[in-house]
Amino acid sequence: MRYSQLLLPTLKETPAEAEVVSHKLLLRAGFIRKITSGVYSYLPLGLAAVRKVERIVREEMNNAGAQEVLLPMVQPADLWIESGRWEKYGPELLRFKDRHQRESCLGPTHEEVITDLVRREVHSYRGLPLNLYQIQTKFRDEIRPRFGLMRGREFIMKDGYSFDASEAEAGKTYETMHYAYHRIFSRCGLKFRAVEADTGTIGGSFSHEFMVLADTGEDTLVICRKCTYAANMEKATAMEPAAPSEEVALLPLAKKETPGKRKVEAVTEFLGITPRELVKTMVYLADGKPVAVLVRGDHEVQPVKLKNLLGAIDVELADDKQVFDATGVPTGYLGPVGLTIPVVADREVARMRNFVVGANEKNFHCLNANLGRDFEVERVADLRMVTAEDRCPLCGAELELTRGIEVGHIFKLGTNYSEALNARFLDNEGQERPFIMGCYGIGVSRTVAAAIEQNHDKDGIIFPLPIAPFQVVLLNLSPNDEAITAAAEGLYTALAKEGIEVLLDDRDERPGSKFKDADLIGIPYRVTVGKSFAQEGLVEIRKRATGETVSLPLAQVAAELGARIRAELA
RNA sequence: CGGGGCGUAGCGCAGCCUGGUUAGCGCGCCUGCCUUGGGAGCAGGAGGUCGGAGGUUCGAAUCCUCUCGCCCCGACCA
């Protein structure tokens, strides 16, 4: 491709709308342009990067035995009503009516459609296992789209769905997909981790997220420094707390005035204790009903764990007014002793003795509260966020908290959808059984953004070779010089013959601009034909990632690059 | 949905508070000269319904009302 013919509008200045580095660079490098909030057009280079990721995804999915299909983006409400998600899915589901006033929606995901297809076409175990995937534009009407391709409303996704005859088969399929995902992200040249995850609104029993490691990631991962344990914050647990020490004598409960001290920090400072000796009482509304949650003063409630414990569809923290309405106590002085709403406790609280709690009275706290003596709770469970001080639940080693970008998510769905949509097959004994399903997503456009978050410097993008829009950018520094131009053109042809994807910068621009643009768009190898060719017959090869440079005679350049690129992609 | 901010040339911004020639600046773009290994220089030029509608006024980018769009923060720890 010739730069002079390419739509590649690079920007010197960063558009004001961009916050994170991948968004800034995608705009500056002329890869994408915004059309409206959370919706982008892909320009040639942006699309080229997307296609690279897609190609790797296709190869690995096909290798893993999956088949590609293409499902509709516009879906009838009927199917969603049948699965129950027309009610459950919230405002993220963009709904509209067609000209016949039929309710429809834009597909944010395709469990309903695929299950409908399979229930119509597959009726026997002989047709199983079946693993279908597609690469398609999805639409989710996010509350707040942001960060460019990282959290758009419209985005390109690979979604796959598997159908198996038994749990054991489904488990194998899950493992196959897990492995395929490892291959995909490895081949994309990304540093990533697979972590245990909560299943969220998709539902199901078991899931892993594939996270690209980057400080700017929106998610926090918990990784063991020693063993293989890795989980996201919603799922991560700490090593079980030690059993309560019976030797600590229970002291008498005592009320103490704590005027104006509401926050943990203020209360503990006032009483001269640490947050580890206090239990805070948080009120949540679980599907609208108040429930109090007890956690140690230095811990935080993990709402997803609470939601799962209660079996609620939605939990949210109550605001001050809701707390007062439910308990008659102003926030800051709440405690479990004498509280009338249901109370659950984090398991850490269960081993504490003689701790401080709110007195359920303005400006008062209680000292020496004890679970079992002064109050009871309905459930004790792991309900808190893991912290960097916690230990690995598997091996007891130190945990590390790090940031990541979710680029893939795989789920064991079980029979959630096949039951809801009555999708059944006959097994080898003539028994009618629901399909055991799994679903497997990859954010293709987000993977491109994540790759940039992970691989960039002050000058621009540094693409991993496998997903770079071009492998080589060839700079003709003097398009008006016959000898140099002839050399560059010849090299362009030679590189193409080597099977190398090359962008020839044949623009009548000054060298500085060409260097700057080459750095910005992040092409892995830069080849320069200029002054040193005119003087010594040498052409420079520079690796974008390392800046390492070699000068070679013109005739050797194509072979050298071909060898390097083949070696890197092998 | 709550709070804040912004819409002026393709991009980044000034002007608005305190209304008044022809609405500016930098970058980019076009023409010419010049220059050619890290976003040069000189000269000339094109490009604006000042987001939209209504209002106040002799007069509105500027003041008022409504509206549309975009961005940021929050919606999770008392």
Side-chain angles (χ1 to χ4, degrees), chain A residues 9-20 23-24 27-28 30 33-39 90-91 143-148 220 233-234 258 260-267 275 278-285 292-307 314-324 327 329-335 346 357-358 362 365 383-385 387 458-460 475-481 484-485 505 507-520 526 528-535 538-540 542 547 549 551:
Chain A
T10 57
L11 267 26
K12 270 195 203 176
E13 286 169 295
T14 306
E17 68 192 52
E19 184 81 355
V20 298
H23 190 193
K24 287 179 183 171
L27 289 168
R28 280 196 58 210
R33 289 292 184 259
K34 186 176 68 181
I35 181 74
T36 183
S37 180
V39 180
I143 303 179
R144 182 144 89 89
R146 56 185 130 179
F147 305 150
T220 302
M233 268 310 226
E234 295 175 351
T258 49
K261 309 298 181 193
R262 302 169 67 239
K263 301 251 182 193
V264 169
E265 198 182 312
V267 173
L278 177 145
V279 165
K280 59 185 177 185
T281 304
M282 310 295 300
V283 175
Y284 279 80
L285 297 178
V293 185
L294 306 181
V295 292
R296 207 170 74 188
D298 57 334
H299 287 156
E300 306 295 347
V301 175
Q302 169 45 256
V304 171
K305 291 180 180 176
L306 177 64
K307 188 176 104 172
D314 180 55
V315 300
E316 63 178 327
L317 192 68
D319 64 27
D320 288 2
K321 181 175 182 304
Q322 290 164 331
V323 170
F324 191 83
T327 64
V329 180
T331 57
Y333 305 101
L334 226 49
D346 178 62
V357 295
K362 189 171 181 185
H365 280 77
L383 291 174
R384 68 177 177 91
M385 304 255 202
T387 72
K458 66 172 174 42
D459 294 315
L475 306 187
N476 175 355
L477 288 194
S478 301
N480 298 319
D481 178 304
I484 288 175
T485 298
D505 192 343
R507 294 174 301 166
D508 188 10
E509 291 284 342
R510 299 170 60 81
S513 302
K514 299 190 177 192
F515 290 133
K516 288 291 183 188
D517 279 333
D519 286 346
L520 180 59
R526 186 185 82 193
T528 307
V529 184
K531 197 163 38 180
S532 56
F533 174 74
Q535 291 168 355
L538 292 178
V539 171
E540 179 194 276
R542 181 174 186 268
T549 300
S551 291

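In the text below, chain A, chain B and the rest are named by the order of the sequence lines, each starting its count at 1. Just so it is clear, the values below take in all heavy atoms, side chains as well, and ignore hydrogens, waters and symmetry mates.
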| task | Select from A/L11 and A/L317 the residue whose nearest nucleotide in RNA chain B is closer to the 5' end of that strand. | result | A/L11

| said: Under 3.5 Å for both donor-acceptor distances, Watson-Crick or wobble: does B/U65 have a partner, and if so which one? | reply: B/A53

| note | Across all chains, not counting sequence neighbours, the side chain to side chain donor-acceptor pair (under 3.5 Å) partners of A/Y333 are A/N363

| request: In whole angstrom, give the distance that lies between atom OH of A/Y284 and atom C1' of B/A75. | output: 13 Å

| query | Would you say A/S37 reaches B/C71's phosphate, i.e. side-chain N/O to OP1/OP2 under 4.0 Å? | reply | yes

| query | What's the closest nucleotide to the A/T331 side chain, out of B/A78, B/C77, B/G39? | reply | B/A78

| Reckon A/E17 touches a base, only the sugar-phosphate, or nothing at all at heavy-atom distances under 4.0 Å? | sugar-phosphate

| message | Heavy atoms from C-beta onward define the side chain here; which of B/C13, B/G37, B/C77 lies closest to that of A/K531? | response | B/G37

| query | Do the side chain of A/E509 and the base of B/G39 come within less than 3.5 angstrom through a donor-acceptor pair of N or O atoms? | reply | no

| field | SB check A/R526 A/D505 (cutoff 4.0 Å) | value | no

| task | Check whether any side-chain heavy atom of A/P15 sits under 4.5 Å from a side-chain heavy atom of A/K34, and report yes or no. | result | no

| query | Looking for any heavy atom pair under 4.0 Å, which part of the strands does A/A318 touch: base, sugar-phosphate only, or nothing? | reply | base

| So, are A/E19 and A/R146 salt-bridged, with charged N and O less than 4.0 Å apart? | no

| said: Mind checking if A/G530 touches a base, just sugar-phosphate, or nothing, with heavy atoms under 4.0 Å? | reply: base

| field | Presence of A/R146 side-chain N/O under 4.0 Å of B/C73 phosphate oxygens OP1/OP2 | value | yes

| Say you pick atom P in B/A60 and the same atom in B/A23; how far apart are they, in whole Å? | 14 Å

| Expressed in angstrom and rounded to an integer, what is the separation of A/L285 atom CG from B/C77 atom C1'? | 14 Å

| P spacing across the pair B/C58 / B/G19, given as an integer number of angstrom | 15 Å

| query | Which nucleotide, B/C11, B/C77, B/U36, lies nearest any side-chain atom of A/E13? | reply | B/C11

| remark: pair_partner(B/G48), Watson-Crick or wobble, both distances < 3.5 Å, evaluates to none

| remark: A/I484 CD1 to B/U36 C1', in whole Å, measures 9 Å

| request: Measure across A/K280 and A/L278 and return the closest heavy-atom pair with its distance rounded to 0.1 Å. | output: N-CD2, 3.8 Å

| Residue pair A/R542 / A/T528, side-chain heavy-atom distance below 4.5 Å | no

| With a 4.5 Å limit on heavy-atom distance, are the side chains of A/D508 and A/N480 in contact? | yes

| said: Can you check the distance between B/G4 and B/G28, where both ends of the measurement are the C1' atom (answer in whole Å)? | reply: 32 Å

| message | Checking contacts here: which listed nucleotide (B/G37, B/C77, B/C73) is nearest the side-chain heavy atoms of A/E540? | response | B/G37

| task | Could you tell me whether A/T281 contacts a base, only the sugar-phosphate backbone, or nothing, with contacts defined as non-hydrogen atoms closer than 4.0 Å? | result | base

| said: I'd like the C1' distance from B/C1 over to B/G15, given in whole Å. | reply: 35 Å

| said: Base, sugar-phosphate or nothing for A/T14? Non-hydrogen atoms, less than 4.0 Å. | reply: sugar-phosphate

| request: Give one of base, sugar-phosphate or nothing for A/V283, where a contact means two heavy atoms less than 4.0 Å apart. | output: base

| request: Mind checking A/R296 for me? I need base, sugar-phosphate or nothing, with any heavy atom below 4.0 Å counting as a touch. | output: nothing

| query | Does B/C70 have OP1 or OP2 sitting under 4.0 Å from an N or O in the side chain of A/T36? | reply | yes

| Can you tell me the Watson-Crick or wobble partner of B/G59, both distances under 3.5 angstrom? | none

| Nearest-neighbour nucleotide for the A/P15 side chain, B/A40, B/C73, B/C11 considered | B/C11

| Counterpart base for B/G19, defined by Watson-Crick or G-U wobble contacts under 3.5 Å | none

| Partner nucleotide, any strand, of B/G74 [Watson-Crick/G-U, under 3.5 Å] | B/C1

| field | Atom-to-atom span, CG of A/D505 to P of B/G39 - whole angstrom | value | 15 Å

| Between the base of B/G39 and the side chain of A/R507, is there any donor-acceptor pair under 3.5 Å? | no

| field | Candidates B/A75, B/G37, B/G38 - which lies nearest the side chain of A/L477 | value | B/G37

| request: May I have the distance from A/L475 (atom CG) to B/U36 (atom P), rounded to whole angstrom? | output: 18 Å

| To the nearest Å, how far apart are A/M282 CE and B/C77 C1'? | 4 Å

| said: Work out how far the C1' atom of B/G45 is from that of B/G5, and round it to whole angstrom. | reply: 37 Å

| query | A/N480 CG to B/C33 P: how many Å, rounded? | reply | 12 Å

| If the C1' atom of B/U8 is compared with that of B/C76, how far apart are they to the nearest Å? | 40 Å

| said: Using heavy-atom distances to pick each residue's nearest nucleotide on RNA chain B, tell me which of A/V264 and A/G512 is more 5'. | reply: A/G512

| message | From C-beta outward on A/V301, which listed nucleotide comes closest to its side chain: B/C77, B/C71, B/A78? | response | B/C77

| remark: A/T258 meets the side chain to side chain donor-acceptor pair (under 3.5 Å) criterion, sequence neighbours left out, with A/H365

| message | Measuring to OP1 and OP2 of B/A78, would you say a side-chain N or O of A/R262 lies under 4.0 angstrom away? | response | no

| message | With a 4.0 Å cut-off on N to O distance, would you call A/E540 and A/K531 a salt bridge? | response | no

| task | With heavy atoms under 4.0 Å as the rule, sort A/D320 into base, sugar-phosphate or nothing. | result | base

| request: Check whether any side-chain nitrogen or oxygen of A/K12 sits under 4.0 Å from OP1 or OP2 of B/C27, and answer yes or no. | output: no

| query | Are any of A/K34's side-chain N or O atoms less than 4.0 Å away from OP1 or OP2 of B/C71? | reply | yes

| message | How many whole angstroms separate atom CZ of A/R542 from atom C1' of B/G37? | response | 12 Å

| field | Candidate nucleotides B/G39, B/A75, B/G38, ranked by approach to the side chain of A/F515 - the nearest | value | B/G38

| Taking the side chain of A/K280 as heavy atoms from C-beta outward, which of B/C70, B/U36, B/A78 is closest to it? | B/A78

| request: Examine B/C73: is either OP1 or OP2 under 4.0 Å from a nitrogen or oxygen in the side chain of A/R144? Give yes or no. | output: yes

| message | Using a 6.0 Å cut-off, check whether atom CD of A/E17 has over 12 heavy atoms from anything other than its own residue. | response | yes

| request: Taking only the side-chain heavy atoms of A/D517 (C-beta and beyond), determine which of B/G39, B/G12, B/C76 contains the nearest atom. | output: B/G39

| said: Using Watson-Crick or G-U wobble geometry with both distances under 3.5 Å, which nucleotide pairs with B/C25? | reply: B/G12

| request: Tell me what A/R28 touches on the nucleic acid: a base, only sugar-phosphate, or nothing, going by heavy atoms under 4.0 Å. | output: base

